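I have placed the structure first, in the form of structure tokens, so that the comments after it can refer back to it.
Please read these numbers as outputs of a predicted model, since none were measured by experiment. All heavy atoms count here, side chains included; hydrogens, waters and symmetry mates do not. Here is how names work: the chains are called A, B, and so on, in the same order as the sequence lines, proteins then strands, and each is numbered from 1.
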Number of protein chains: 2
Amino acid sequence: MQNSEALALTAVLLAAAGDLTRRINDGVEARGFEGRPAFGFAFTRLAPDGATVTELAAHLGVTKQAASQLVDELVRKGYVERRAHPVDARARLVVLTERGWECTRAAEAAAADAVGAWVEILGEAEVRVLCDRLARIAPYGPLRPTW
Amino acid sequence: MQNSEALALTAVLLAAAGDLTRRINDGVEARGFEGRPAFGFAFTRLAPDGATVTELAAHLGVTKQAASQLVDELVRKGYVERRAHPVDARARLVVLTERGWECTRAAEAAAADAVGAWVEILGEAEVRVLCDRLARIAPYGPLRPTW
DNA sequence: CATGATGGTCAAGCAGATTGACCAATACGT
DNA sequence: ACGTATTGGTCAATCTGCTTGACCATCATG
């Protein structure tokens, strides 16, 4: 494995990730929702039972202040609500609204469409292999919406 | 391919790309250079013969103003120089300095190290396959350092 | 019950991008 | 050849999303 190949792998990986993210975001908007890529990643943590701001922050790999601002935005757009936490009076449980669930489903559909384009190129089996290999090398940690 | 799998693929792809980018950046810093991920992507366009600000902007997928600011930073840190363009008096050719070349080589070495960690998990052959598949689905367009 | 740790918000600031205005030099149509 | 539109680049102002720092309320522990 030569050095230039390693850099090329990085570039193609970034390009693929960026392409997929963009396609999904476009698809979500086309379905009548306004949002940014970070929303989708937040939804995957918020579903199905909600999460606290701190948990969301850990999931996204940002500070709790940043996560709180994101939640503000999600509340403003009607996708989530802040509720009292059932067992901890300090904490507040952030849960999806009905519209939030609709947006989540839209994101899933858009993701399926985007991956579908890849299936047409590589075939279902190859995409599954790709998934499996990536899962084995990807770190477990938080996924950052931006760098 | 179910919807949830499509979202999972996106997550794992982003995690892998983010992980690789972070490892390379850490490796470059460990070798005594200060920089951010965008530098490496700029270098791949600047080498070997330089490029104009506009070309760099297209490569990175940002406005030419943003690219110009990045070049300012690279000049300040001693990695590149602005030279007169040989055939177009409007344009200026941005070329790597000797230190810029050193940093580029450091980035390549760091990338090789980072990918090496993957080779240990998947084996050389699998990583090559991964490269190939990704190359077939990744778009040709600019690669954005941030989203 | 005192003390520290934890969940959350407010406020200010920064980094890296954007849009808009502008100038110099090139390319093009007649 | 010449006026006009286009292109390369920069300056300036602004925006967005995130960070750091301060702070309060509540939980957990001696």
For atom CG of B:Leu70 and atom C1' of C:dT18, their distance in whole Å
15 Å
Rounded to the nearest angstrom, tell me the gap between atom CZ in B:Arg90 and atom P in D:dG8.
6 Å
Can you name the one residue among B:Leu20, B:Asp26, B:Thr21 that meets side chain to side chain contact (heavy atoms under 4.5 Å, CB included) with B:Ile24?
B:Leu20
Looking only at side-chain N and O atoms, does B:Ser68 come under 4.0 Å of OP1 or OP2 in D:dG9?
no
Output yes when a side-chain donor or acceptor of B:Thr52 lies under 3.5 Å from a complementary backbone atom of B:Ala91, and no otherwise.
no
Any side-chain N or O of B:Thr52 below 4.0 angstrom from OP1/OP2 of D:dG8?
no
Taking 4.0 angstrom as the limit, do B:Glu102 and B:Arg99 come out as a salt bridge?
yes
Rounded to the nearest Å, what distance is computed from the NZ atom of residue B:Lys64 to the P atom of nucleotide C:dA21?
14 Å
Does any donor-acceptor pair link the side chain of A:Gln69 with the base of C:dT9 at a separation under 3.5 Å?
no
I'd like to know if the side chain of B:His59 reaches the main chain of B:Phe41, judged simply by a donor and an acceptor atom lying under 3.5 Å from each other, with no hydrogens or angles considered.
yes
Taking the basic N atoms (NZ, or NE/NH1/NH2) and the acidic carboxylate oxygens, is any pair closer than 4.0 Å for B:Arg22 and B:Asp19?
yes
Does A:Arg92 have a side-chain nitrogen or oxygen under 4.0 Å from the phosphate oxygens OP1 or OP2 of C:dT9?
yes
Side-chain N or O of A:Thr54 versus OP1/OP2 of C:dG8: is the shortest distance under 4.0 Å?
yes
What do the steps show when you test A:Asp49 against A:Leu93 for side chain to side chain contact (heavy atoms under 4.5 Å, CB included), and what is the final call?
CA-CA 9 Å; A:Asp49 299 317; A:Leu93 199 59; over 6 Å; no
Salt-bridge present (A:Arg76, A:Asp72; N to O < 4.0 Å):
no
Quick check for you: among C:dG8, D:dC18, D:dG9, whose closest atom lies nearest to any side-chain atom of A:Ala66?
D:dC18
Could you state the CG-C1' distance from B:Asp72 to D:dA12, rounded to the nearest angstrom?
13 Å
Does B:Glu55 contact D:dG8 through a side-chain donor or acceptor facing the base, at a distance under 3.5 Å?
no
Please tell me if B:Thr63 has a side-chain N or O lying less than 4.0 Å from either OP1 or OP2 of C:dT18.
yes
Mind listing the residues from residues 73-89 of chain A sitting with a heavy atom below 4.0 Å of DNA chain D? Number order is fine.
A:Asp88, A:Ala89
Return whichever of A:Arg36 or A:Gln65 has its heavy-atom-nearest nucleotide of DNA chain D closer to the 5' end.
A:Arg36
